[in-house]
Student: 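Let me give you the structure first, and then I'll get to my questions.
Chain naming here is simple, since letters A, B, ... match the order of the sequence lines and numbering starts at 1 in each. All values below come from the heavy atoms of this structure, side chains included, with hydrogens, waters and symmetry mates left out.
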Amino acid sequence: MVPEKFLKPYDPAATEPSLYTQWEQSGFFNPDKLPDQIERTEPFTIIMPPPNANGSLHAGHALFVTLQDIMIRFARMRGNKALWLPGADHAGFETQVVYEKKLEKEGRSRFEMEPRQLYNEILEFTLANKSFMEGQLRQLGASCDWSRELFTLDERVIKTVYGTFKKLGEDGLLYRGKRIVNWCPKHQTSLSNLETIYQTRTEPFYYFQYGPFVIGTSRPETKFGDKYVVMHPDDERYAQYSEGQKIDLEWINGPITATVLKDEAIDMSFGTGVMTITPWHDATDFEIAKRHTLDYEQIIDWRGKLLPVAGEFAGMNIKEARPKMVEKLKEKGLLVKIDEKYTHEVPVCYKCEREIEPQIKAQWFVTMEPLAKKALAAVDAGDVRILTENHNKIFHNWLENIQDWNISRQIVWGIPIPAKLCSKCDGGFVDIDDTMHGVCPKCGGKLVQDPDTFDTWFSSGQWPFATLGYPDSPDFKEFYPTSVMETAADILFFWVARMIMLGLYRTGDVPFRNVYLHGIVRDAKGRKMSKSKGNVISPLEVSNEYGTDALRMGLIVGNTAGTDMNLDPRKIGAYKKFANKIWNIARFLLENIDEIDITAPFTATDSERRAQMQAIAQDVTDDLENYRPYLAAEKLYHYLWDVFASDLLEESKPIFKTGTPEEVASRKRLLMQNFADSLKLLHPFMPFVTEEIWQSLPAVLRTQDMLMVERWPIVK
RNA sequence: GCACCCUUAGCUCAGUUGGUAGAGCACACCCUUCACACGGGUGGGGUCAUAGGUUCGAGUCCUAUAGGGUGCACCA
């Protein structure tokens with residue numbers, strides 16, 4: 001009567017893989033192949049944030065898989081056409097950095113490789129990781145439609161991205177300009193503002209005699225070529241000096257003639273209120289130089305070494321040169337004083353944490369303000385709803401102060417920028433189908449292919465409509481705008497904001513209606529997981545040990561939208577016990593209930609118990625509709641353990657022994673129907689154990705072979 | 001500088017629209033009684049950071065203070 005397997009504790013490892021295979025082979029992951037009992041015609045769509053195909057899935061991936069799978073399974077059971085479209089990200093810079101580390105270990109360097117060779121090696125590496133990663137997504141139970149899977153370097157995606165690039169050019173929102181960029185001397189590429197982080201450092205701040213002035217600086221090594229000295233026009237201390245005044249003075253490598261400038265960018269309260277400027281290596285200085293139409297001179301080369309302008313210091317690394325030139329200035333009597341306790345924020349590369357060296361470089365920039373305005377309007381109009389209110393505010397704050405976006409990267413691993421550069425006039429032209437035939441339309445010079453690639457986020461920002469086949473595929477028409485974008489809160493600007501902006505720009509409509517953001521998964525002590533700290537919790541290992549269902553519950557319960565969570569393996573252990581608890585409830589029911597009559601009338605008590613279940617079902621449904629999976633999961637846990645098992649089952653034992661036939665029939669029906677509903681409600685959270693039990697339940701309770709496509713208890 | 005968040009049981013955290021505080025782990029004692037020891041039972045432990053305010057009623061709303069944290073943009 002009771003299947004053999006129920007006589008032993010629940011064994012996730014022996015159960016889960018075959019269930020996934022069963023689901024996948026059913027074809028129901030594909031919304032076009034769902035059973036005809038669909039009751040809701042409107043689609044429910046989630047585009048999966050494509051994981052970077054450069055390593056194993058981490059705890060954050062497990063969290064997003066769980067959240068999105070809950071939403072999708074819920075929608076599917078309610079009868080929506082549920083589409084969860086998976087993908088894999090080539091992750092340009094990220095992957096190239098990973099691969100460079102691998103090269104370093106092998107004693108190789110990308111700078112000694114042919115670009116084509118490097119590209120092919122990274123491609124091979126990425127594709128291997130991609131298929132590995134797809135297996136891991138399956139292990140986590142992701143019920144996504146593999147038949148629609150896309151890779152960010154697929155031709156369709158590139159074509160879409162090129163179309164957007166071209167349109168931006170035509171609309172005057174794209175420009176190529178020599179501007180200050182964030183240059184990483186290690187990775188030899190420019191980075192967007194978002195790819196730099198600030199570190200607080202305490203460094204010496206030097207005061208030097210510069211003619212009649214004392215100037216302050218934390219970066220003496222940039223000062224070789226400084227021949228402009230700037231002060232605020234309203235600064236009375238320097239009222240005697242006038243704009244354009246020439247002053248002869250002694251400087252590092254001999255006498256120079258400096259020119260006085262007045263500019264309101266100067267902070268009178270900082271240092272001495274006087275500074276010299278280095279337009280090539282500082283954004284503020286660059287702006288001042290632009291306003292006064294000054295010359296720009298490069299002092300530091302692309303690898304962080306001083307150029308010939310530094311005289312005897314030429315060729316030296318800037319770090320090495322700094323103390324030496326301070327020493328020289330001291331000998332010349334030009335060092336006034338040193339403040340050793342100067343604390344400031346230093347921009348560094350978010351990957352290698354080397355100091356960013358601002359450099360002037362010709363790059364492609366997107367004018368963001370018009371795009372940002374439309375995105376803000378769409379959010380304010382409610383076309384996109386951002387959870388939580390907190391992130392809504394952060395989103396506004398960033399978009400209201402947006403800066404132009406450098407989308408060029410000097411790396412090979414990415415989508416090539418479809419542009420030609422003129423070797424003669426230095427112009428840059430969007431030229432996707434080689435319509436210019438290698439001749440510069442401006443000066444007639446020879447055109448060469450732009451060697452740069454796009455910032456990954458430029459293509460990722462177009463992911464929702466690129467994956468759905470904009471502009472005329474049936475999928476785009478049916479599934480766009482998508483229902484929810486569920487992703488990590490820390491890529492709100494990198495990705496979410498840009499998807500909204502580019503989606504609106506290209507398609508005229510928002511890419512998704514709702515944004516659900518999850519926080520970072522930290523270790524049990526609240527520390528960020530990292531390989532160097534050795535505190536990484538591998539979701540796959542946890543899944544192997546406790547089961548995927550337990551992992552999913554541990555990730556969900558108590559994890560509110562937008563906040564970080566601490567993941568303690570012991571918590572997951574607790575949910576493994578829960579899976580076993582449900583397993584034993586099933587065993588009890590199957591042992592004690594050989595036949596049920598689902599038309600048997602309920603006793604007064606059982607009628608109440610049944611109503612209680614329906615109230616729970618309504619509650620859970622409301623929670624899921626309103627993106628509160630953490631509450632729904634906890635309620636189901638509580639109901640099954642403390643109400644169903646502890647109360648219902650216990651009070652049923654005497655009924656089965658001494659109750660009247662009517663009482664027994666009522667109770668059997670109650671237990672079975674409440675349990676069946678509980679399994680349905682719990683299925684999105686714990687898909688494996690619920691499915692496994694479901695298929696052993698009496699046929700009279702089931703309308704489908706699989707719980708995955710059963711009807712949700714509450715249909716409205 | 002601009003913006004934002006957090007402070008609830010020993011620890012890590014929930015608490016959806018305001019109505020006499022919950023989970024996991026940890027702790028104490030008891031129980032292998034026929035669904036389950038991946039179990040059951042009993043129990044200890046919180047004036048919900050502080051001070052005001054709104055309200056019949058506030059962990060939940062408002063103001064201020066203290067402590068902790070985050071994002072963005074910057075000073076040469």
Student: Write down the distance separating the P atoms in B:G18 and B:G57, rounded off to the nearest Å.
Tutor: 15 Å

Student: Students often get this wrong, so: under 4.0 angstrom with heavy atoms, is A:S269 touching a base, only sugar-phosphate, or nothing?
Tutor: nothing

Student: At 4.0 Å (heavy atoms only), tell me whether A:A579 reaches a base, stays on the sugar-phosphate, or touches nothing.
Tutor: nothing

Student: Under a 4.0 Å N-O cut-off, is there an ion pair linking A:K373 with A:E369?
Tutor: yes

Student: Can you identify which nucleotide, out of B:A35, B:C5, B:G24, has its nearest atom closest to the A:A574 side chain?
Tutor: B:G24

Student: So do the side chains of A:L261 and A:V229 get within less than 4.5 Å of each other, counting heavy atoms only?
Tutor: no

Student: Does the structure show a Watson-Crick or G-U wobble partner for B:U33, both distances under 3.5 Å? Name it, or say none.
Tutor: none

Student: Rounded to whole angstrom, note down the C1' distance from B:G46 over to B:A21.
Tutor: 8 Å

Student: Under 4.0 Å, counting only non-hydrogen atoms across every strand here, what does A:K581 touch: a base, just sugar-phosphate, or nothing?
Tutor: base

Student: Please evaluate the base of B:A35 for a donor-acceptor partner in the side chain of A:E650 within a cut-off of under 3.5 Å?
Tutor: yes

Student: Do the side chains of A:R78 and A:E625 get close enough for a salt bridge, i.e. N-O under 4.0 angstrom?
Tutor: yes

Student: Identify whether any heavy atom of A:Q403 sits under 4.0 Å from a base atom; if not, whether one sits that close to sugar-phosphate; answer base, sugar-phosphate or nothing.
Tutor: sugar-phosphate

Student: Categorize A:G216 for me: base, sugar-phosphate, or nothing, with a 4.0 angstrom heavy-atom threshold over every strand shown.
Tutor: base

Student: Closest to the A:E345 side chain: B:A76, B:U16, B:A73?
Tutor: B:A73

Student: Using a 4.0 Å heavy-atom cut-off across all strands, classify A:R628 as base, sugar-phosphate, or nothing.
Tutor: base

Student: Could you give the distance separating B:G19 and B:U55 at their C1' atoms, to the nearest angstrom?
Tutor: 12 Å

Student: Considering only atom C1', compute the distance from B:U8 to B:G39 and round it to an integer number of Å.
Tutor: 30 Å

Student: Output the rounded distance in Å from CG (A:D490) to P (B:C72).
Tutor: 10 Å

Student: Counting N and O atoms only, with roles assigned by atom type, does the side chain of A:T217 sit under 3.5 Å from a partner on the main chain of A:R219, one being a donor and the other an acceptor?
Tutor: yes

Student: Which one is paired to B:G1, where only Watson-Crick or G-U wobble pairs with both distances under 3.5 angstrom count?
Tutor: B:C72

Student: To the nearest 0.5 Å, tell me how far A:D677 CG sits from A:L636 CG.
Tutor: 11.0 Å

Student: Does A:Y198 reach a base, just sugar-phosphate, or nothing at all? Heavy atoms under 4.0 Å.
Tutor: base

Student: Any Lys/Arg nitrogen of A:R628 or A:D619 sitting under 4.0 Å from an Asp/Glu carboxylate oxygen of the other?
Tutor: no

Student: Would you call A:R667-A:E651 a salt bridge at under 4.0 Å N-O?
Tutor: yes

Student: Expected output is a numbered-order residue list: members of residues 546-554 of chain A with a heavy atom under 4.0 Å from any atom of RNA chain B. What is it?
Tutor: none

Student: Report yes if a side-chain nitrogen or oxygen of A:K223 is closer than 4.0 Å to either non-bridging phosphate oxygen (OP1 or OP2) of B:A76; otherwise report no.
Tutor: no

Student: So, is A:H344 close to the B:A76 phosphate, meaning a side-chain N or O under 4.0 Å from OP1 or OP2?
Tutor: yes

Student: Got a donor-acceptor pair under 3.5 Å from the side chain of A:K571 to the base of B:C25?
Tutor: no

Student: Mind checking if A:F6 touches a base, just sugar-phosphate, or nothing, with heavy atoms under 4.0 Å?
Tutor: nothing

Student: Checking all strands, does A:Y630 fall into the base, sugar-phosphate, or nothing category for heavy-atom contacts under 4.0 angstrom?
Tutor: sugar-phosphate

Student: The side chain of A:N397 is closest to which nucleotide in this list: B:C2, B:G15, B:C75?
Tutor: B:C2

Student: Taking 4.0 angstrom as the limit, do A:E221 and A:R322 come out as a salt bridge?
Tutor: yes

Student: Using the P atom in both, what is the distance from B:A49 to B:A9, to the nearest Å?
Tutor: 9 Å

Student: Heavy atoms only, 4.0 Å cut-off, all strands: where does A:N592 land among base, sugar-phosphate and nothing?
Tutor: nothing

Student: Distance from A:D226 atom CG to A:I256 atom CD1, nearest 0.5 Å?
Tutor: 8.0 Å

Student: Counting Watson-Crick and G-U wobble pairs only, both distances under 3.5 Å, name the nucleotide matched with B:A51, or none.
Tutor: B:U63

Student: Taking only the side-chain nitrogens and oxygens of A:T217, find out if one of them lies under 4.0 Å from OP1 or OP2 of B:A76.
Tutor: no

Student: Distance check, C1' atoms only: B:A28 and B:G68, in whole angstrom units.
Tutor: 34 Å

Student: Roughly how many Å apart are B:G40 and B:A23, using the P atom of each and rounding to a whole number?
Tutor: 14 Å

Student: Is there a Watson-Crick or G-U wobble partner for B:C27 with both distances under 3.5 Å, and which nucleotide is it?
Tutor: B:G43

Student: Just compare B:A76, B:U16, B:G71 and give me whichever is closest to any side-chain atom of A:L631.
Tutor: B:U16

Student: Looking at B:A23, B:C4, B:A76, which one has an atom nearest to any side-chain atom of A:I394?
Tutor: B:C4

Student: Base, sugar-phosphate, or nothing: which does A:L649 touch, judged by heavy atoms less than 4.0 Å apart?
Tutor: base

Student: Are A:F688 and A:Y10 an aromatic pair, judged by ring center distance below 6.0 Å?
Tutor: no

Student: Can you see if the side chain of A:K653 gets near the phosphate of B:A35 - specifically, an N or O under 4.0 Å from OP1 or OP2?
Tutor: yes

Student: Are A:F644 and A:F675 near enough that their ring centres are under 6.0 Å apart?
Tutor: yes

Student: Counting only side-chain nitrogens and oxygens, does A:K577 get under 4.0 Å of the OP1 or OP2 atom of B:G40?
Tutor: no

Student: Would you mind classifying the nucleic acid contact of A:N390 as base, sugar-phosphate or nothing, using non-hydrogen atoms under 4.0 angstrom?
Tutor: sugar-phosphate

Student: Give a yes/no on whether any side-chain N or O of A:W641 is located under 4.0 angstrom from OP1 or OP2 of B:G40.
Tutor: yes

Student: Is there a Watson-Crick or G-U wobble partner for B:A14 with both distances under 3.5 Å, and which nucleotide is it?
Tutor: none

Student: Please give the distance between the P atoms of B:G71 and B:G24 as a whole number of Å.
Tutor: 33 Å

Student: Need one value for A:N566: base, sugar-phosphate or nothing, where a base atom within 4.0 Å counts as base even if backbone is also close, heavy atoms only.
Tutor: sugar-phosphate

Student: Establish, with yes or no, whether the OP1 or OP2 oxygen of B:C5 is under 4.0 angstrom from a side-chain nitrogen or oxygen of A:T563.
Tutor: no

Student: Have a look at A:Y342 and say if it touches a base, only the backbone sugar-phosphate, or nothing, with a 4.0 Å heavy-atom cut-off.
Tutor: sugar-phosphate

Student: Taking the basic N atoms (NZ, or NE/NH1/NH2) and the acidic carboxylate oxygens, is any pair closer than 4.0 Å for A:E264 and A:R291?
Tutor: no

Student: Roughly, in whole Å, what's the span from CZ in A:R219 to P in B:C74?
Tutor: 15 Å

Student: Can you tell me the Watson-Crick or wobble partner of B:U20, both distances under 3.5 angstrom?
Tutor: none

